[in-house]
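Numbers here are sequence positions counted from 1.
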Amino acid sequence: MKLKKIVKILFGILLVSTPSFSQNIGDVISPWKTGELDIHFINTGKGEACFYIFPDGTTMLVDAGATSRTGRRVTEIRPDSSHTPGEWIVRYLKNLPGNESISFLDYVLLTHFHDDHIGRVTENSTYSSSKMYQLSGVTQVGEDLIMKKIIDRGWPDYDYPYPLENHNMTNYQAFLKWQIANNQTVVEHFKPGRDDQIVLVNRPEEFNDFEIRNIAVNGVIWTGVDSETRNHFPALEDIGPDEFPSENMCSIAFRLSYGKFDFFNGGDITGVLDDGAPLWHDVETPVARAVGPVEVNVLNHHGYLDTENAFFLSALRPQVHIIQAWSPSHPSPRVLRRLLSEKIYPGPRDIFATNIMEANKIVIGSGLEKLKSDQGHVVVRVAPTGSTFKVIILDDSTESYRIKDVFGPYESK
């Protein structure tokens with residue numbers, strides 16, 4: 001065995017045994033350590049936000065939602081309404097143990113342009129200090145943290161499948177223009193099939209078993225061979241405007257791999273067809289063929305009724321499912337039934353949710369009792385070399401970062 005490989009194995013064993021990977025209920029979560037992979041699902045109650053710390057310290061924020069919906073059909077702001085969702089995201093990042101000196105994000109990836117993923121501004125929304133754009137979700141985060149690179153599905157024209165010209169998108173593009181001019185932010189279109197768009201920026205040579213593979217965007221899907229892709233959606237000129245793919249169908253999807261550990265996030269892609277819908281509305285099936293088995297699956301579209309079809313689940317067959325929920329329709333009863341079914345794929349699986357509403361518990365009943373956790377920030381902490389991982393639940397009622405529960409270690413397959 002080569003000396004370099006022996007040193008790497010010993011280094012991984014040493015780090016696995018450190019207090020960083022040993023966590024107890026009631027403790028404050030320990031800081032990330034070099035060689036670990038941290039994935040923090042931040043629960044603001046108003047949309048998706050997920051913070052990644054790669055093994056060499058490279059950082060990425062995936063989505064920064066702030067839905068404008070209110071009332072009994074949506075969850076309340078967590079921890080409370082003293083700050084906006086975007087402000088709570090910033091506070092989570094800045095106060096996270098070991099992360100207090102953060103001033104920038106290496107990557108910001110926006111899976112698609114719905115408000116629970118990027119935020120929503122209105123005429124009454126607060127303006128940035130520059131007065132050039134308004135603040136909500138990702139623009140609020142960008143007011144406090146420099147974003148070195150932003151990747152989305154629409155840059156630079158924002159015209160697929162039709163021009164995105166609403167007030168929210170106009171504001172977002174004004175935000176990008178200001179960031180490019182004043183912070184030298186690089187903005188890119190997500191490139192399906194590639195494994196070199198999102199890379200380690202600090203010490204990549206030390207972690208050559210880490211990869212983010214771009215799977216899909218706007219219906220262009222990786223084939224699983226080299227960097228080849230194919231168009232899953234029909235040409236727009238062949239269908240009418242009322243048949244164009246939806247925003248959800250156009251979501252970015254990617255697979256993260258670290259040694260044996262694999263993780264999937266597909267934004268809000270869909271896979272369960274409405275009656276009479278064309279087959280190409282099922283984005284999950286061709287995506288699943290490219291992705292293959294993973295350890296952790298983030299439920300598409302929050303586990304809404306149009307997702308997590310049987311083929312998708314049987315292809316990915318994850319040990320852990322994570323639901324980023326903010327509505328009583330997250331997840332739907334049928335989706336939960338599929339998640340739990342060992343007829344679809346055998347073996348144990350654990351399900352964690354950031355925020356299950358009481359209304360959903362009443363409707364679904366005993367099925368939700370099988371969730372390992374239904375409230376709190378969910379942290380996936382992967383050991384050096386990716387051989388094992390844990391799921392850590394943090395209290396979301398305060399900014400304490402105190403551990404409510406710990407699950408695992410799970411062995412990566």
Side-chain angles (χ1 to χ4, degrees), residues 12 32-42 48-63 105-112 117 149 151-153 188 190-204 206-217 221-222 224 227 251-269 284 287-300 312 315-324 352 378-392 408-413:
W32 164 91
K33 299 293 185 182
T34 299
E36 292 176 348
L37 165 67
D38 269 13
I39 306 173
H40 293 250
F41 296 86
I42 304 169
E48 296 197 9
C50 194
F51 177 60
Y52 298 63
I53 309 178
F54 298 162
D56 72 336
T58 299
T59 56
M60 178 170 74
L61 181 68
V62 175
D63 292 334
L105 294 161
D106 291 303
Y107 298 99
V108 173
L109 176 68
L110 303 175
T111 59
H112 61 297
H117 293 260
K149 181 176 286 189
I151 301 171
D152 66 28
R153 76 165 196 85
E188 293 181 354
F190 186 80
K191 302 168 184 175
R194 300 282 288 274
D195 62 358
D196 59 358
Q197 186 174 26
I198 304 171
V199 296
L200 302 179
V201 300
N202 296 319
R203 288 175 286 171
E206 295 184 21
F207 304 100
N208 54 18
D209 52 356
F210 178 89
E211 175 192 88
I212 290 187
R213 175 68 68 168
N214 296 358
I215 302 296
V217 68
I221 301 175
W222 181 45
S227 296
S251 289
I252 284 170
F254 66 91
R255 184 188 66 198
L256 180 157
S257 300
Y258 181 32
K260 290 183 177 180
F261 176 83
D262 295 289
F263 168 99
F264 176 76
N265 186 336
D268 281 2
I269 62 170
E284 287 182 339
V287 162
R289 291 193 179 105
V291 172
V294 300
E295 273 58 56
V296 178
N297 170 48
V298 183
L299 261 64
N300 302 319
F312 178 86
L316 271 64
R317 49 183 185 276
Q319 299 182 59
V320 166
H321 294 281
I322 297 175
I323 311 171
Q324 298 179 90
F352 303 88
V378 180
V379 182
V380 177
R381 175 159 285 180
V382 185
T385 74
S387 57
T388 63
F389 65 100
K390 291 184 177 180
V391 177
I392 303 168
Y410 302 87
E411 183 179 349
S412 301
K413 304 299 185 182

To the nearest 0.5 Å, how far apart are CG in D152 and CD in E188?
-> 10.0 Å

Which atoms form the tightest heavy-atom contact between A315 and A288, and what is the distance?
-> CB-CB, 3.8 Å

State, yes or no, whether a side-chain contact exists between F207 and T34 at a heavy-atom distance under 4.5 Å.
-> yes

Flag the pair V382 / V296 as yes when at least one side-chain heavy-atom distance between them is below 4.5 Å, and no otherwise.
-> no

Which residue, K260, Q319, R317, forms the side-chain contact (heavy atoms from CB on, under 4.5 Å) with K413?
-> Q319

Where G57 and N202 come nearest, the two heavy atoms and their spacing = C-ND2, 3.3 Å

Is the closest side-chain heavy-atom distance between V201 and K149 below 4.5 Å?
-> no

The side-chain contact (heavy atoms from CB on, under 4.5 Å) partner of V62 among Y52, F41, F51 is Y52

Point-to-point distance, once rounded to the nearest 0.5 Å, from CD1 of I323 to CG of N297 = 10.0 Å

Determine whether V380 and V320 make a side-chain contact, defined as any pair of heavy atoms from C-beta on separated by less than 4.5 Å.
-> no

Hey, could you give me the CZ/CG distance between R213 and D262, rounded to the nearest 0.5 Å?
-> 12.0 Å

Gap between atom CG of N214 and atom CG of D196 - 0.5 Å precision | 8.0 Å

Distance-minimising heavy-atom pair for R203 and D56 = N-OD2, 2.8 Å

Under the side chain to side chain contact (heavy atoms under 4.5 Å, CB included) rule, what do D268 and E48 come out as? Steps first, then yes or no, please.
-> CA-CA 11 Å; D268 281 2; E48 296 197 9; 4.3 Å; yes

OG (S412) and CZ (F263) are apart, to the nearest 0.5 Å, by 13.0 Å

Judged by modelled atom types alone, do T111 and D63 share a side-chain donor-acceptor pair under 3.5 Å?
-> yes

Identify the two heavy atoms, one from Q324 and one from A49, that lie closest to each other, and give their separation to 0.1 Å.
-> OE1-N, 3.8 Å

Does any non-hydrogen side-chain atom of F210 lie less than 4.5 Å from one of L256?
-> yes

Smallest heavy-atom separation, Y107 atom then Q197 atom, equals CE2-O, 3.8 Å

Is the side chain of D106 donor-acceptor paired with the backbone N or O of M60 at a distance under 3.5 Å, no angle test?
-> no

Donor-acceptor contact below 3.5 Å, side chain T388 vs main chain A383 | no

Minimum heavy-atom distance between I215 and R255, given as atom pair plus value | CG1-N, 3.8 Å

Hey, does P318 have a side-chain heavy atom less than 4.5 Å from the side chain of E295?
-> no

Hey, does C50 have a side-chain heavy atom less than 4.5 Å from the side chain of I39?
-> yes

Test I212 against F54 for side chain to side chain contact (heavy atoms under 4.5 Å, CB included), laying out the working first.
-> CA-CA 11 Å; I212 290 187; F54 298 162; 3.6 Å; yes

Mind checking the CG-OG1 spacing from L200 to T58? Nearest 0.5 Å is all I need.
-> 5.0 Å

F312 side chain near F264 side chain, heavy-atom distance below 4.5 Å | yes

